[in-house]
Each structure stands twice: as C-alpha cells, then as structure tokens.
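Sequence lines set the chain letters: A, B, ... in the order given, protein chains first and strands last, and positions in each chain run from 1. Being a predicted model, the structure only gives us computed values, none of them experimental.
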2 protein chains.
Amino acid sequence: MFITRWIIFVLLKHFPLNVTGSHHDPRVTLTGEDVHVRRYSLNCSNRRIELLPGFPQNNSVYVGGHGKLWYLNFNRRNQSKKATFPALERKRSDRKPTAPGNYDVTTLHRVDATRLFVCGSNGNQPKCCLMTLDMVCIEDISPSGIAPFNVTERAPSLYIDNDVYAAVSREAKQNSVAIRRIGNKTHMWPEIAKQEQRYISMAFSGPREDQLQDKVYTFLVQESSDNHPEASAWNSWVTQVCKADMGGPKTMLQKSWTSRLSARLSCGIHDRKEYFNQLLDVAVLQADNWTQSRVYGLFRNGWGMTAICIYTMGDIDHVFKNSDFEGFTGAVPNPRPGEQCVKDSTKLPQKVLSHVKEYPNMRDWVWPVGRGGPLMVSHHDYKGIRADRVRGPGHKHYNVLLLSLDNGRIHKVLEHDAGVFIIAELQPFSTRTRIQNMLLQHSTKKLYVSSSSEVVEVDLSGCQSYGSLCVDCVQARDPYCSWSRTHCTATSRKGIQDVEHGNVSVCGQDGGSVPKPSGKKVEILPLASNHYLHCPMSSSHAEYSWRHGGQARECVPANGSCLLLINSMTSEEDGVYTCVASEGGYTRTLAEYRLQAESKARGLTPPSLALACLLLLLLIR
Amino acid sequence: MFITRWIIFVLLKHFPLNVTGSHHDPRVTLTGEDVHVRRYSLNCSNRRIELLPGFPQNNSVYVGGHGKLWYLNFNRRNQSKKATFPALERKRSDRKPTAPGNYDVTTLHRVDATRLFVCGSNGNQPKCCLMTLDMVCIEDISPSGIAPFNVTERAPSLYIDNDVYAAVSREAKQNSVAIRRIGNKTHMWPEIAKQEQRYISMAFSGPREDQLQDKVYTFLVQESSDNHPEASAWNSWVTQVCKADMGGPKTMLQKSWTSRLSARLSCGIHDRKEYFNQLLDVAVLQADNWTQSRVYGLFRNGWGMTAICIYTMGDIDHVFKNSDFEGFTGAVPNPRPGEQCVKDSTKLPQKVLSHVKEYPNMRDWVWPVGRGGPLMVSHHDYKGIRADRVRGPGHKHYNVLLLSLDNGRIHKVLEHDAGVFIIAELQPFSTRTRIQNMLLQHSTKKLYVSSSSEVVEVDLSGCQSYGSLCVDCVQARDPYCSWSRTHCTATSRKGIQDVEHGNVSVCGQDGGSVPKPSGKKVEILPLASNHYLHCPMSSSHAEYSWRHGGQARECVPANGSCLLLINSMTSEEDGVYTCVASEGGYTRTLAEYRLQAESKARGLTPPSLALACLLLLLLIR
C-alpha cells in the first residue's frame with residue numbers, strides 16, 4: 001500500500017521540467033494550443049469507448065460509446081452522425097425491448113465498404129448486428145463469445161474474411177474462457193478456464209505466401225500457477241491458432257482449436273532479476289515480410305514501473321515451431337502439433353490432437369529482439385501503446401511509439417538503435433483525464449484520443465510547435481517533421497532533419513545562426529528592490545544558465561522557466577544579462593536584459609532640480 | 001543498468017523541498033550552520049574508519065584509520081592524541097618491519113579502563129594488539145579469525161569478558177568463513193563456506209537472568225541457493241551461538257559451535273510480493289528485559305528501495321526454540337539442539353551434535369513486530385542505521401533512528417505507533433561525501449559521523465535550529481527538544497512538547513500567537529517591472545500560499561523558498577501581500593509586503609517641477 005503511494009509520489013515529482021535535463025524526460029511539452037488538435041465533444045460520459053477508422057473519407061472516425069454510435073468527420077463537421085445503439089434495430093424486433101443506452105459498445109469493425117459490425121454489452125444480454133453506414137442495424141448476429149459480460153473487459157477481436165475472432169474471458173454469467181470464431185468457418189466452443197486469463201490484444205500474422213498458414217495471435221496475461229513466494233502473480237503469454245483450423249473430429253477437440261499453442265513472453269533483465277510480467281497493451285507494426293512484423297508489448301511490474309519489449313512475428317513463430325513442449329518428454333508426434341496449418345484439421349491423427357490438448361505450452365520463452373531486454377524502462381505509469389512507421393527525410397524509415405499516461409497525456413517516442421528518445425509530451429486534453437482509447441491513422445498521420453466524453457484528433461506532423469528556427473526543428477528529432485528552409489513542417493524528401501542525432505550543423509549557416517533576442521532597452525530599477533529575469537525553458541534536455549559580466553549566475557527553475565533572481569538591486573548588478581541554453585553541444589542565447597540601479601540612472605532628481613531652480617532665481621535678482 | 005540509472009535519477013529529483021509537502025520527506029533540512037556541530041579534520045584520507053566511544057572523558061572518541069589511531073576530545077582539543085599503527089609496537093618486535101600506514105584499523109574495542117584492543121589489516125598480514133590509552137601496543141594478540149583479508153569487509157566483532165567474538169567471511173587468503181571466538185574460552189576454528197556469506201553485524205543478547213543462557217547473535221546476508229528465476233540472489237539471516245559453548249568432543253564439532261542455529265529474517269509485504277531481502281545494517285536497542293530488546297534491520301531490494309524492519313530478541317529466541325528444522329522430518333533429539341546452552345558442550349549426545357551439524361537452519365522465519373511488515377519503506381538510498389531511546393517530556397520514551405544517506409546526509413526519524421515521522425535531514429558535512437561510520441553516544445546524545453577525512457560531532461539535542469517560537473519547537477516533534485517557555489532546548493521534564501501529534505495548542509496563548517512579521521514599509525516599484533516576493537519554506541510538510549486582496553496567488557517553489565512572481569507591475573498589483581504556511585491544521589503568516597506601482601507614488605516628477613519653476617520665473621518678472 002505505502003509502496004504504491006511512493007511510486008505515485010515519485011511520478012508526481014517527476015513531471016516538472018528539470019534544469020539538469022534527464023533524457024528520460026520528454027524533451028518538450030506541447031499543450032493543445034501548441035499542437036494542431038481538433039476536438040469533438042460527445043456531450044455525455046462513456047465508461048468505454050471503441051474507435052474505428054472512418055470511411056470512405058479520411059480524417060473521420062467511428063466511435064462506440066454508452067448506448068450510442070457516432071460518425072465524427074473532423075474535416076466536414078456537418079457530415080458527422082449520431083445514432084442510438086441498438087435502438088434502430090429494436091423497432092423491427094419483437095423481443096422485449098431494452099431501454100436505449102443500457103448497452104455499451106464493446107466491438108466495432110468494418111465489414112466492407114458499406115457495412116459495420118457492432119456489438120454491445122448489457123450485462124448478460126449482449127447483442128451484435130451488421131449495420132449500414134447510416135448506422136442502422138440490418139441483421140442480427142449471435143453475440144455469443146464476442147461481447148464480454150463485464151463492460152470493463154477488453155475482449156479484443158478481429159474481423160477477417162467474414163469471420164470474427166474474439167478473445168473473451170467471461171461471456172454471459174458462466175466463467176468460460178476462449179478464443180472464439182464466429183462466421184462462415186466452424187464456430188469454436190468456449191471452455192472452462194483452468195487459470196484466470198485476461199485477453200489484451202489480437203493480431204493477424206499474415207497474409208503469408210501460403211495463405212493456408214495464416215495465423216491469429218492472441219496476447220494475454222494469465223494467473224501464475226507458480227506458488228514460489230517470490231513468483232509474480234501474473235505472467236504474459238502469446239497464443240497461436242490457425243485461421244484454417246476447423247477443430248477436431250467428433251471424438252476429440254470438436255469445435256475446439258487443434259492448432260492452439262501458447263508461449264511465455266519474456267520482458268526483463270534476467271541477470272539482474274528485474275522482470276516486467278504484466279502485459280498492459282500491445283501494438284503491432286506490420287512489415288511487408290510477415291516474419292519482420294514487430295510486436296510492441298507494454299509491460300508493468302509490481303513496483304509500478306513500465307517497460308516496452310519488442311518481438312518479431314518470426315521469433316514467435318520460431319518458438320512454436322521448435323521449442324520443446326512444457327511437461328512433455330516423449331517423442332513429439334508427427335506432424336508436429338501446431339507447426340503446419342492443415343486444410344482439414346478434423347482428419348489430424350489422434351496422437352496429434354491429444355498432444356495439443358495435453359501439452360499446449362512451449363518450454364521456451366519468446367525473447368525480445370536486440371539485447372534480449374526491454375527497449376525502454378520507465379517509471380512513468382504508461383497505460384496504452386500505439387506504433388507508427390514514419391518515412392523521414394531521405395526515405396529512411398523510423399518507428400515512433402505513442403504511449404498514453406494515466407493523466408491524459410501522451411508521450412511521442414522515437415525508437416532508435418541505442419534505445420529511445422522521448423520527443424515530446426502531448427497534452428491533448430485541457431484537464432487531467434483518463435484516456436479511454438487511442439486510434440492511430442497511419443495514412444493520415446492522425447492520432448485519435450478519447451476521454452470518456454471527448455474525442456481529440458492530434459496531427460502527429462504538427463511541427464510548427466517546435467519553433468520558428470531550423471535548429472528548433474532539427475533538435476526536436478521528430479521524423480514527422482523537417483525544416484523546409486522557411487519553417488518546420490511535415491517531412492518532405494528534401495527537408496532538412498537529423499533524426500539520429502539532432503545535430504544542428506545540417507542547418508548550415510542560415511539556420512544555425514540565431515537572431516539575437518530583443519530586450520536591449522535598459523531597465524531602471526530602484527535600489528534594494530527584488531527583481532527577476534525570465535527565460536523560457538522549452539527543452540528539458542538542454543542546460544540553462546545565466547551570464548552577467550563574464551560570470552555564470554544561478555538559474556532557478558520555476559514553472560518551466562529559468563529565473564534569475566536579483567535579491568536587492570545595487571549598482572554592482574548593473575549590466576547585461578543573457579540566458580543561454582546548450583543542448584547537444586550547441587549553445588544559443590534565448591534572452592538578454594540590461595539593468596541599471598536607479599541612483600546612477602536619473603540625471604536630475606527632484607531635489608537637485610529644485611536647487612538649480614533656486615540658484616536661477618538668485619542669479620536673476 | 002538503466003533501471004539503476006532510473007532509481008538514482010528519481011532519488012536526485014527527490015531532494016529539494018516540495019510545496020505540496022509529502023510526509024515521506026524530512027520535515028526540515030538542517031545544515032552545519034543550523035545544527036550544533038564540532039569538526040575534527042584527520043588531515044588524511046582513510047578507506048575505512050572505526051569508531052569507539054572515548055573514555056574516561058565524555059565528548060571524546062577513538063578513531064581508527066589508515067595506519068593511524070586518534071583520540072579526539074571535542075571538549076578539550078589539546079588533550080587529543082594521534083599515533084601510528086602498528087608503528088610503536090614494531091620497534092619492539094624483531095619480525096620484518098612493515099612500512100607504517102599500510103595497515104587499516106578494522107577492529108577497535110575497549111578492554112578495560114586502561115586498555116584498548118586494536119586490529120589492523122594489511123592484506124594477508126593482519127595484526128592485533130592490546131594497547132594502552134596512550135596508544136602504545138603492549139601485547140600482541142593472534143589476529144587469526146578477527147581481522148579480515150579485505151579491508152572493505154565489515155567483519156563485525158564484539159569484546160565480551162576478555163573474549164573477542166568476530167564474524168569474518170574471508171581471513172587471510174583462503175576462503176574460510178566463520179563466527180570465531182578468540183580469548184580465554186575455547187577458540188573456534190574456521191570452516192569452508194558452502195554459500196558466500198557477508199557478515200553485517202553482531203549483538204549480545206544478554207545479560208540474562210541465567211547468564212549461562214547468554215547468546216551472541218550474528219546478522220548476515222547469504223547467497224541464495226534457490227535457483228527459481230525470480231528468487232532473490234541474497235537473503236538475510238540471523239545466527240545464534242551460546243556464549244558458554246566450548247564446541248564438541250574430539251569425535252565431532254571439536255572447536256566448532258554446538259549451539260549454532262540460523263533463521264531467515266523476513267522483511268516485506270508478502271501478500272503483495274514486495275520483499276526487501278538484502279540486509280545493509282543493524283542497530284540494536286537494549287531493553288532492561290532482554291526479550292524486549294529491539295533489532296532494527298535496514299534492508300534493500302533490487303530496485304534500490306530501502307526498508308526498515310524491527311524484530312525483538314524474544315521473537316528471534318522463540319523461533320530458535322520452537323521452529324521445525326529445515327529439511328528435517330524425524331524426531332528432534334533431546335535436549336533440543338540449541339535450545340539450552342550447557343555448561344560443557346563437549347558432553348552433548350552424539351545425536352544432538354550431528355543434528356546441529358546437519359540441520360542448522362530453522363524452517364520458520366523471524367517476522368517483524370507489529371503488522372509483520374516494514375516499519376518504513378523508502379526510495380532514499382539509506383546506507384546505515386543507528387537507534388536511540390529518548391526520554392521525552394513527562395518521562396515518556398521514544399525511539400529515534402538515525403539513517404545515513406549515500407550523499408553524506410543523515411535523516412533523524414521518529415518511530416511511532418502509526419509508522420515514522422522524518423523529523424529532519426542533517427547535513428553535517430559541507431560537501432557531498434560518503435559516510436564511513438557512525439557512532440551514537442547514548443549518554444551524551446551525541447552522534448559522531450565520519451567521512452574519509454573528517455569526524456563530526458552532532459549534538460542531537462541542538463534544538464535552537466527549529467526556530468525561536470513555541471510553535472516551531474512543537475511542530476518539530478523532536479523528542480530531544482521541548483519549549484522552555486523562552487526558547488527551544490534540550491528536553492526537560494517540564495518542557496512543552498507534543499511528540500505524538502505536534503499539536504501547537506500545547507503552546508497556549510503566548511506561544512501560539514506569532515508576532516506579525518515586519519516589512520510594513522511600502523515598496524515603490526516602476527511600472528511594468530518584474531518583481532518577486534520571497535517567503536522561506538522551512539517545513540516540507542507545510543502548505544505555502546500567497547494572498548493578495550483576498551485572493552490566493554501562486555507560490556512558485558525555488559531554492560527552498562516560496563516565491564510570488566509579479567510579471568510587469570501595474571497599479572492592480574498594489575497592496576498587501578502575505579505569505580501563509582499551514583501545517584497540521586495550524587496556519588501562520590510568515591511574510592508580509594506592501595507594494596505600490598510608481599506612477600501613483602511620486603508627487604512631483606522632474607518635468608512637473610521644471611514647469612513649476614518656469615511659472616515662478618514668469619511671475620516674478
């Protein structure tokens with residue numbers, strides 16, 4: 001209990017920018033004013049929000065909420081629509097009507113150019129239907145195994161070739177658990193869970209060269225059966241099933257997966273016994289070659305720290321194809337269970353089926369790419385992750401992660417060989433709020449972020465906010481952005497940028513030289529007065545300092561500014577003050593002031609003038 | 001690696017006082033100027049410092065360092081002495097002389113009113129001798145099993161009735177490990193270690209009613225034999241031996257402990273699987289009844305967090321007397337091994353001896369007192385702990401802990417039923433340094449803290465630093481201090497104090513009412529100038545705020561002050577500004593200022609005066 005308080009406390013302390021500049025902090029913080037955002041208020045509060053890319057138009061999104069569905073078009077607001085779910089369908093049905101708004105949309109998929117697939121939960125009365133783009137239910141679909149009993153359950157799902165693949169740990173009342181398929185192909189039955197499972201995410205591995213081998217992967221956390229006092233209570237797993245799987249014959253595994261295998265996901269530093277066992281969210285970056293597709297896992301440990309581990313689909317596939325089976329020592333049957341997907345799984349040998357039934361877990365774990373450890377470890381309380389592949393200047397590609405925090409903020413993170421660079425903290429919402437969902441539109445580079453009552457569109461290539469100079473643009477190291485020789489804008493092939501190092505030398509003469517800041521005017525200050533000078537601290541990675549008369553003066557950080565405090569003004573404090581920021585070996589002047597103590601400044605003070613006047617009078621007498 | 005960087009980073013961020021005031025922070029920070037400290041420079045650097053209470057005089061201390069011994073008398077500096085170790089002895093000996101200063105003093109004990117027992121290490125050539133108070137070696141003692149091979153090894157030891165009990169994990173070159181005894185009683189042999197052990201501390205349990213039952217307890221960390229991936233690499237243990245133990249007969253355990261038993265020390269929150277397995281330091285508070293004596297263990301976990309767990313000698317004794325033996329299922333021999341100390345252990349039955357040899361570990365763990373969890377959990381990187389029992393006003397007793405940090409600072413911590421209250425952070429050293437050793441003088445309430453080159457005496461009842469008012473004294477909640485009706489001073493029976501709650505109502509009318517701060521004088525400020533007001537933030541537990549014209553104004557924390565920033569002075573900013581601190585429901589004004597924008601203020605400005613003068617000239621024409 002108190003340890004948790006600690007972590008939270010440490011987090012809170014962490015937010016303000018710091019002078020020394022730790023590179024574990026976002027380099028800059030951008031509020032709604034800084035970034036290019038567009039907002040849509042839902043005018044109601046939703047405990048769950050589902051997001052689906054809008055179509056046919058870009059810059060639009062379908063939103064499922066509490067008894068409602070929205071089509072939000074951020075370009076043409078007048079085209080936006082709203083409908084009650086499942087009200088429209090209810091008119092047609094003769095079953096006892098349910099009050100509108102008791103349903104929460106839990107599932108939202110695109111079927112084809114003209115139809116949506118929507119499910120809503122209402123305790124143990126879920127329902128699904130096919131819907132027109134005008135959001136009218138035109139056909140009921142059995143919700144069994146798709147919509148969760150508990151609205152807070154994630155119940156991830158995919159819609160592939162008129163089949164819905166869904167992972168639900170608790171549908172209706174009974175504690176069934178399953179990866180289900182409903183649609184044209186064989187429907188798969190639920191089963192009773194041995195250990196409690198929470199499904200986090202689902203991903204399609206293909207399409208592969210031989211489409212028969214296409215697989216669906218499910219990522220989950222499972223209660224640990226290890227009763228060692230120090231063993232973690234939850235572990236993370238990945239499960240595979242063949243898309244072509246039709247289940248076994250009547251005798252065994254009928255309407256159950258004959259290709260299901262599971263493997264542990266490892267995320268930690270083993271020689272230091274530092275593990276992140278609880279998977280929170282997953283983002284998949286599909287590659288042209290499916291084996292190269294990257295799975296980004298966001299994990300948490302018992303101390304409230306988070307970590308990101310990266311796995312390739314190829315590595316996952318390799319474990320399923322080559323690892324020993326947990327608890328099994330004999331000779332592995334032929335064909336090796338789960339290695340190849342087959343046209344007709346009902347014809348699989350009995351031995352293979354019983355092996356899959358008895359020994360579905362791999363002994364080997366799936367290890368992260370690279371050093372076999374996390375890409376990044378953080379004490380930030382990250383909740384969700386999305387990933388994007390960005391084409392930077394000169395056609396080089398970069399992976400960017402978007403991490404949502406528990407306070408409604410988002411970290412834009414660059415992945416590079418040496419690790420990560422936290423480009424910016426985005427604050428899409430005006431107040432502290434919980435992020436319900438995130439949707440990344442790869443084609444438009446737009447990120448849709450929803451709170452319980454608002455959907456915000458963030459333009460990931462909103463680059464002006466970094467500043468008006470080439471150095472601002474280059475030091476940002478944002479692959480979405482480059483310097484167009486006039487301003488910082490969405491990356492173009494000819495744009496100036498150095499994502500790898502943020503080295504401003506690429507700016508050349510013009511961009512490198514910064515116009516001296518204004519503020520030459522001399523300020524006259526009363527003697528013994530307190531005065532402060534202000535200097536903006538935009539980058540938490542820069543070192544800020546003040547200089548006066550060749551001497552360094554203390555920079556007092558306060559509210560994201562670097563202050564110079566003059567405690568009782570004297571003539572010794574006269575002169576020029578400059579605030580200097582140095583980052584990545586590049587130093588620039590941000591502010592300049594000229595101060596002068598009063599006494600010196602004034603020529604004729606009232607008394608002296610009066611004296612002069614008196615003398616004058618005497619003279620002319 | 002990067003996780004460690006995190007922890008350090010978080011620690012660094014933690015030091016400055018914060019406005020919101022987390023009670024995990026020291027309430028106040030006291031530097032060398034604030035506290036009553038006296039310093040002694042050793043004029044050399046030592047990699048190890050041993051401290052021993054000075055005698056016969058109080059306020060003095062014996063210090064062992066690199067080839068040197070000091071007697072430092074803080075009251076009469078001219079009585080301080082210094083000697084080379086073991087130089088003086090070397091003159092008499094005919095063995096090949098060793099260059100002075102190659103020895104580091106590792107052991108320092110008082111033998112009687114006239115003699116010291118001193119050991120020094122010099123790689124595998126350690127030496128020990130009896131010494132006069134003039135620090136002349138008068139008799140060589142075999143160092144075997146007392147002085148460690150590696151100077152950085154703690155090798156704790158006790159001197160009881162002309163016997164030295166020492167715990168050394170590596171004496172000379174061979175990797176022997178043992179709790180040894182050298183002196184009048186049977187000498188015990190070393191043994192070869194199964195697991196690596198690091199000895200942390202030793203304590204004498206007695207004297208007990210029946211002195212035959214007196215025991216010596218050793219606290220250590222031991223490499224874990226548990227190869228579970230998540231099992232911690234080190235665990236903490238307590239080991240008992242009987243003072244009367246003479247070892248076994250020739251046939252078994254000759255010159256080895258026949259009474260040695262070991263038990264795990266538990267420090268953690270088990271239902272949340274949060275463990276602190278690595279013991280760093282131990283402090284023992286002896287009680288009149290030995291069973292009530294308290295053992296304070298300072299622990300660390302793999303995430304760089306620290307915790308303090310408290311055990312009673314009685315609880316430790318109970319485990320040794322009642323627990324099953326790890327790995328043993330049969331009938332326990334009679335007498336139960338290690339339960340009773342015997343006059344002649346060589347006559348113990350064979351069965352008992354072999355049981356002690358085979359099954360020395362208890363199955364039960366020793367649990368902390370109270371909630372069975374830590375007294376305190378912290379992310380501060382505490383290194384050492386000392387404990388004191390303080391008689392507060394009204395003869396009530398309080399336990400105070402002194403925790404050394406890795407940066408040379410010390411936290412003074414009050415233990416109370418609800419947990420802890422961090423009274424103050426003491427900064428005895430002027431620069432960041434590593435604390436080599438601490439010695440607490442219970443009789444004089446002085447704490448001696450040594451860096452590698454300096455010994456500082458801290459007066460724990462230096463109370464003036466809390467402030468000049470009763471409320472300052474009471475809110476400090478320092479049991480060493482109370483309000484004498486004139487100032488805050490060392491606790492007296494009649495002193496005013498409320499250690500439990502720091503409730504200032506005990507101050508009554510006089511103390512409660514705070515004289516209005518000065519600063520009534522009106523400050524005239526130029527229009528549009530930046531001005532700041534300053535308010536001292538002495539307590540990190542208080543909430544600070546500014547008030548102006550009935551409105552609350554933002555307090556900008558900077559360098560332990562609460563600033564009010566006026567960005568461009570206008571007449572709207574005219575008026576009275578008060579800085580208010582509220583703590584524990586008690587609010588007081590700390591600063592007050594009156595500001596006025598220039599324009600209003602000045603009567604005759606030079607131009608208007610010139611005009612008047614001109615008119616005058618015209619008139620008298």
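- Distance check: B:His531 NE2 to A:Met569 CE gives 13.0 Å after rounding to the nearest 0.5 Å.
- Both the backbone and the side chain of A:Asn567 come within contact range of chain B, each with at least one heavy atom under 4.5 Å from a heavy atom of that chain.
- We find the NZ-NE2 distance between A:Lys273 and B:His228 to be 9.0 Å, quoted to the nearest 0.5 Å.
- Chain B forms the most heavy-atom pairs under 4.5 Å with one residue out of A:Pro229, A:Pro526, A:Ser529, and that residue is A:Pro229.
- Between atom CH2 of residue B:Trp303 and atom CE of residue A:Met305 there is a gap of 5.5 Å, rounded to the nearest 0.5 Å.
- Taking both residues in full, the closest heavy atoms of A:Ala558 and B:Val556 are given as CB-CG1, 3.0 Å, listed atom of the first, atom of the second, then distance.
- A side-chain donor-acceptor contact under 3.5 Å links B:Glu230 to the backbone of A:Ser232.
- Of the residues considered (B:Leu525, B:Ile566, B:Asn277), B:Ile566 shows the highest number of contacts with chain A, using heavy-atom pairs under 4.5 Å.
- Side-chain contact of A:Glu523 with B:Asn530: a donor-acceptor pair under 3.5 Å is absent, judged by distance alone.
- Both the backbone and the side chain of A:Leu565 come within contact range of chain B, with heavy atoms under 4.5 Å apart.
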